[in-house]
Amino acid sequence: MLELAAIRANPEAIKQGLAVKRFAPLSLIDDIVAADEQRRKLQQQSDDLLNRQNTLSKEIGNLYKQGKTAEANEAKAQTTALKEDSQALQQQLAESETYLNELLIQLPNLPHASVPKGAHTEDNLEEYRHGTIPTLHEGALPHWELTDRYDLMSLELGVKITGAGFPVYKGKGARLQRALIAFFLDEATRAGYTEILPPHLVNADSAYATGQLPDKEGQMYHVGIDGLYLIPTAEVPLTNIYRDVILKEEELPIKIAGYTPCFRREAGSYGAHVRGLNRVHQFDKVEIVQIAHPDHSYEVLEKMKSHVAGLLEKLELPYRVLRLCGGDMSFASALTFDFEVYSAAQERWLEVSSVSNFETYQANRLKLRFRDTETKKNRLAHTLNGSALALARIVAALLENNQTPNGIHIPKALQAYTGFDQIS
RNA sequence: GGUGAGGUGGGUGAGCGGCUGAAACCAGCAGUUUGCUAAACUGCCGUACUGGAAACGGUACCGCGGGUUCGAAUCCCGCCCUCACCGCCA
């Protein structure tokens, strides 16, 4: 969440920033400022009473020690009223804190100054394109027909054993998944990331800390009996490794990467544009995460973008990079770039990666800090993450773009991992 | 799942009703000493909120939540977790 100190210091600046993100209830800022004042007032009163209680108790102890029992008992009588008052105040203080927190948690992150204004995907700014869009042969097929033709994947089988949106990969299709995962992890390792294999279920604390709760409650699968959530992205367990941690400044940046399946309920989205692998409830993804010094996080963001771009180039996929507009960005992000690959048979762009800088927004909830060597003070770190990459849609584009009448060509970089250069 | 032991600051570990936000040691930081290194010595060394320009104060926190008491790390209750052994099991 946003830092209270920043809101307190300049509420109008916060309002202006949030307006770019199309955040409507700007009066919430005024409510927060008022609630914060109220809270501090209550704390002062409460602290004051507690202080008097503590002092009195010490005096009573001393009186007993000196054998002045009568005086001690007299003093004791005073404590009753004091205690009642302070308990009432503490109750009010706790309520005030809860209320303030409820307000704060509703605020999205402030967008970076470079975020374009706008509400919809059309307002996203295209940064650049790379690669050439392939011309397919006559009778080229969309990937959902290719997967049938070469027996690579079945959604019907998924329906049988689980439900809609749970693909079952088969044969070379399954091997292709495994190859891509291994390729992406190896590339991340080569780029200096430490590989992590995290749990695929997380508790509510973790989901809150990275911002999935309460904002996206309905988008996660919930295991009610144990109070756990299936992860919608590896970002959640990976970033939460550093929840409640104070790092040394020289430990920054932290670079970790992990493969996990990702589970998304995606309630209510059906239709032609979500056919095949375009949007499924379970998909595989390798995620890269960095924890950076606030002064360098935007350089880190650029490096992460280059990493993702490098992967797409090695896979020989045409792609474009979008700078997301305020209305299209996620709740917790300050700046997000989306990578989209061109899926030649569908003749459309598919989002395969989202690279974001969250600045201190997640770190504030995570209580992820580092000790500033200069000032010796603890400061919130910046967190960043990016998909590198999301598999299902990469597979869709790979199959469609590389098809020939005789089979599907596997890009060179992947061949060592698949063990074959052609699906036929 | 059963039984037993235990959860204290970065680590080890003392404390078992007031003098304890917490001994001691180790690690870390700053100095003194020193030709350099080593050693020795001195001081500092948890987090958050809060008052204050600052100096310096206040409050809370000894797994979590309640309770007893004028006063709880210390006593009582509930929960969670860790370890050991048994059972079950990929």
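Naming: A, B, ... by sequence-line order, numbering from 1 per chain. Because only heavy atoms are used, hydrogens play no part in the values below, and waters and symmetry mates are left out as well, while side chains stay in.
- Judged by closest nucleotide on RNA chain B, N378(A) is the one of K83(A) and N378(A) placed further toward the 5' end.
- K367(A) comes within 4.0 angstrom of nothing in the nucleic acid, heavy atoms only.
- Taking the 5' to 3' direction, RNA chain B first and last meets chain A under 4.0 angstrom from a heavy atom at G18(B) to G71(B).
- Going from the C1' atom of U34(B) to that of C26(B) covers 25 Å, rounded to whole Å.
- Both N62(A) and N51(A) lie near RNA chain B, and the one whose nearest nucleotide falls closer to the 5' end is N62(A).
- When ring centroids are compared, F370(A) and H293(A) come within the 6.0 Å threshold.
- Taking the six-membered ring where tryptophan is involved, the planes of H112(A) and Y298(A) are tilted, since the angle between them lies from 30° to 60°.
- In RNA chain B, consecutive stretches of 3 or more Watson-Crick or G-U wobble pairs with both distances under 3.5 Å are given as paired ranges: B:1-7 with B:80-86, B:10-12 with B:24-26, B:28-32 with B:40-44, B:46-51 with B:56-61, B:63-67 with B:75-79.
- A pairwise comparison of heavy atoms in I256(A) and L238(A) identifies CD1-O, 3.5 Å as the closest pair.
- Between D372(A) and R379(A) there is a salt bridge, since a side-chain N of the basic residue sits under 4.0 Å from a carboxylate O of the acidic one.
- Remark: the separation of the C1' atoms in U68(B) and A53(B) is 45 Å, to the nearest Å.
- Within the model, atoms CG of L384(A) and CD of E235(A) stand 10.5 Å from one another, a figure rounded to the nearest 0.5 Å.
- Comparing the C1' positions of C36(B) and G46(B) gives a spacing of 36 Å, expressed to the nearest Å.
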